[in-house]
Visitor: 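Before we start, here is the structure in question, set down as structure tokens.
Read the numbers this way: they start at 1 and go in the same order the structure lists the ligands and their atoms. For reference, positions follow the sequence shown, starting with 1.
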Amino acid sequence: MINQASRHYDAIIVGAGFSGIYLLHKLRDAGFNVLLVDAASQPGGIWYWNCYPGARVDSQVPLYEFSIDEVWKSWTWSERFPGWEELRAYFRHVCDTLDLWPMMRMGTRVKSAHFEKEAKRWRLHLDDDVIISTQFLLPALGFASKPYLPDFPGLEDFKGQWFHTARWPQEGIDLADRRVALIGTGASGVQVAQEAAKSAKKLTLYQRTPILALPMRQEKLSKINQEREKQGYSAIFEKRRQTSGGFECQSLEVSALEVDKKERDAHFEYLWQRGGLRFWYHNFADLLSNREANRHAYNFWRDKVRARIADPDLAERLAPADPPHPFGTKRPSLEQGYYEIFAQDNVALIDLRSTPILRVKPHAIETVDGEMECDLIVFATGFDAGRGGLSDMNITGANGLSLSQAWKDGLRAYLGMAVSGFPNMLFSYGPLSPSGFSNGPSSAEVQGDWICDFLVWMRNNEQDLFEADPAAEAGWTEIVAQAGEMTLFPEADSWYMSANIPDNKRQLINFPSLSIYAALCDDVAEKGYHGLAVE
Ligand code: N01
């Protein structure tokens, strides 16, 4: 039975990852009556759902945390690139320190949300059949909340277990002595592979496109060292907002073609030795916009990786002579010994380009080359990024149109936050914002500050309704597309291009610079929030 004894809020946030938690903190402090709802039983966003063995973040401490003083000053990490358990503990620390728990309703999924024109409010139907309402709806679902499971015939008859990495059982799965089939070699696939190779009886990795993985260079962190480093944190947090990727630095202003080979290779080597994603975000100015510059980086990467693989055939499959796509146009992953696992007797690599999967059989995966037995299939096959989670929330706007219908010809959103026909709704970390291109907390804070300022402005000006102007929305959507055209991103079949999901329209789904985005959003605010019709 539906519980009509509902409550009304000024704002309801959906999602307890970085963007949702930041919004909750900001809006509560600004005096709004706010509630956060999340289907997960614990905060952490993707770090709740992606608890597969080896899951850890690819941004180093202190980039991947909030800049809120009382939070970072009282927290100590144990590793430079923390794992999912520590990240979850961090989120609990955030909620304790900021006293957010009373405004959080965990373990509750929003089944649907629709806008009531007359009442000028959103009504949300929760999965425990409670209905709640709010003036402002703020979905903060992250870009990776809807896993993508390819349609392999026969999966329903598989007699073993199978899981998507983003729906890993919370109680864990022991990989020891199992025959593991792992499909997908993105960031998730690499991390699972490295762990499974340690204990699985057999690990068969099904690769469609080789990942261009970079050395992580993990390190243990001591409390003393961290206390010392904390003296520089404020400057780093400030810097994050001024860089295109939300990191501590960005690409050089020098072209890779302006310098000779010796100098170019010296910079590549410097980035390589420092580790992490720096080879991606601190590289030459034209890494992601000029094919020749990009090819130099690819060749450097290829030669480094090939030097670690003795078997020439394996080397060609993992690090081909010619790039499968321009370097960095698919998200590089960080690895810790990934290329070495293929020399182990218990690990096999199947190249799906030459050996496609035909079907799943009750105890095996069958390719054109025959069957390979397995008792556990891991799908590390990615996400319907950006739109998937929002579509699943069944959001219906003022004219009875669902968000999925509104986006049937492609994603559109003003500033990557507001959609015409969907009044009083702003999403954080959503499509057409920098989200997927940016270090998470950096983008969550830029958008969270802007959204909070805007809602305060609405309140101060006694306005209670806003909606994206269709022309401004079309303009922004075009800006994102044009920004993409200036880069090499359109050349890869990546999730950045929404090209990983068969029926999605191919388009760049994120704005490629956080610092430029922040400046554009500030300009909109300074000019009285143009592009948003308010009343
Ligand atoms: O997903 P992906 P992910 N048959 O889409 C393959 C973040 N993240 O979960 O490249 C066979 O990157 C697909 O092949 P191809 C990060 O931003 C961060 O790994 O399309 N294979 C690819 O190899 C990341 O970018 C962290 O040819 C199929 C893989 O599956 C994003 O999340 C950790 C297939 C999917 O790779 C997504 O990463 C994890 C099919 N039908 C994730 N369909 C950290 O920070 C797809 N594939 C550590």
Visitor: Indicate the atoms forming the closest heavy-atom contact of K505 with R387, along with that distance.
Guide: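 Reported closest heavy-atom pair: N-NH2, 4.4 Å.
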Visitor: I'd like to know whether ligand 1 has Y52 as a neighbour, heavy-atom separation below 4.0 Å.
Guide: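 True for this residue.
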Visitor: Compare all side-chain heavy atoms of Q191 with those of N50 and state whether any distance is below 4.5 angstrom.
Guide: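 When only atoms from C-beta onward are counted, N50 and Q191 do not touch, as no gap falls below 4.5 Å.
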Visitor: Strictly below 4.0 Å, N to O, side chains only: are E229 and R80 in salt-bridge contact?
Guide: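 Answer for the salt bridge query: yes.
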Visitor: Under 4.0 Å between a side-chain nitrogen and a carboxylate oxygen: does that hold for E85 and R88?
Guide: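 Between R88 and E85 there is no salt bridge, as every charged N stays at least 4.0 Å from the carboxylate O atoms.
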Visitor: If we ignore hydrogens and angles and just use 3.5 Å, is the side chain of Q170 paired with the main-chain N or O of Y48 as donor and acceptor?
Guide: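 Yes, the answer is positive, given that a donor and an acceptor are paired below the 3.5 Å cut-off.
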Visitor: Identify, for atom 2 (P) of ligand 1, the protein heavy atom at the shortest distance, and state residue, atom and that distance.
Guide: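 Nearest protein contact, heavy atoms only, for atom 2 (P) of ligand 1 is G382 CA, 4.0 Å.
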Visitor: Among protein heavy atoms, which sits nearest to atom 26 (C) of ligand 1, and what does the distance come to when rounded to 0.1 Å?
Guide: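 The answer is A187 CB, 3.9 Å.
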Visitor: Nearest protein heavy-atom contact for atom 48 (C) of ligand 1: which residue, which atom, what distance?
Guide: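 Answer for atom 48 (C) of ligand 1: R56 O, 2.5 Å.
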Visitor: Closer than 4.0 angstrom, basic N to acidic O: yes or no for D322 and R295?
Guide: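 A salt bridge links D322 with R295.
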Visitor: Determine, step by step, whether W495 and F383 satisfy the ring-ring contact (aromatic ring centres under 6.0 Å, His included) criterion, reporting the C-alpha distance in whole Å, the side-chain angles of both residues, the deciding distance to 0.1 Å, and the verdict.
Guide: CA-CA 8 Å; W495 65 260; F383 301 89; 8.2 Å; no
Visitor: Could an N or O of ligand 1 be found under 3.5 Å from any N or O of Y148, whether backbone or side chain?
Guide: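 Not met; the criterion fails.
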Visitor: Any salt bridge between R241 and D449, counting N to O under 4.0 Å?
Guide: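 Judged by the 4.0 Å cut-off on N to carboxylate O distance, R241 and D449 do form a salt bridge.
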Visitor: Nearest to atom 10 (O) of ligand 1, what protein heavy atom do you find, and at what distance?
Guide: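 Answer for atom 10 (O) of ligand 1: K330 NZ, 2.6 Å.
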Visitor: Looking at L352, T355, V378, which hits side chain to side chain contact (heavy atoms under 4.5 Å, CB included) with Y206?
Guide: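 Result: among L352, T355, V378, L352 is the only option passing the side chain to side chain contact (heavy atoms under 4.5 Å, CB included) with Y206.
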Visitor: Would T209 count as a polar contact of ligand 1, with the cut-off being nitrogen or oxygen pairs under 3.5 Å?
Guide: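 In this structure, T209 places an N or O atom under 3.5 Å from an N or O of ligand 1.
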Visitor: For atom 39 (C) of ligand 1, what is the closest protein heavy atom, and at what distance to 0.1 Å?
Guide: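 Sorting protein heavy atoms by distance from atom 39 (C) of ligand 1 puts S188 OG, 3.2 Å first.
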Visitor: Among all protein non-hydrogen atoms, which one is nearest to atom 40 (C) of ligand 1, and what is the separation to 0.1 Å?
Guide: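 Of the protein heavy atoms, R208 NH1, 3.4 Å lies nearest.
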Visitor: Can you figure out which of F383, F143, Y496 has its heavy atom closest to atom 7 (C) of ligand 1?
Guide: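 It is F143 that holds the nearest heavy atom.
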Visitor: Identify the protein heavy atom lying closest to atom 23 (O) of ligand 1, giving its residue, its atom name and the separation to 0.1 Å.
Guide: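 Protein heavy atom at minimum distance: T185 N, 2.9 Å.
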Visitor: Looking at ligand 1, would R353 count as a contact under a 4.0 Å heavy-atom criterion?
Guide: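 Checking ligand 1 against R353, which is what was asked, there is a heavy-atom contact under 4.0 Å.
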Visitor: Can you tell me the protein heavy atom closest to atom 35 (C) of ligand 1 and the distance?
Guide: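 Among all protein heavy atoms, the one nearest atom 35 (C) of ligand 1 is A380 O, 3.3 Å.
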Visitor: At a 4.0 Å cut-off, with the gap strictly under it, does some heavy atom of F152 reach an atom of ligand 1?
Guide: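 It does; at least one heavy atom falls under 4.0 Å.
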Visitor: Any ion pair linking E248 and K239 (charged N to carboxylate O, less than 4.0 Å)?
Guide: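 No salt bridge links K239 with E248.
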Visitor: Hey, which atoms in ligand 1 end up nearer than 4.0 Å to a heavy atom of I183?
Guide: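 Atoms satisfying the 4.0 Å criterion: 11 (C), 21 (N).
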Visitor: Answer yes or no: does an N/O atom from D58 fall short of 3.5 Å to an N/O atom of ligand 1?
Guide: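 Yes, there is a polar N/O contact under 3.5 Å.
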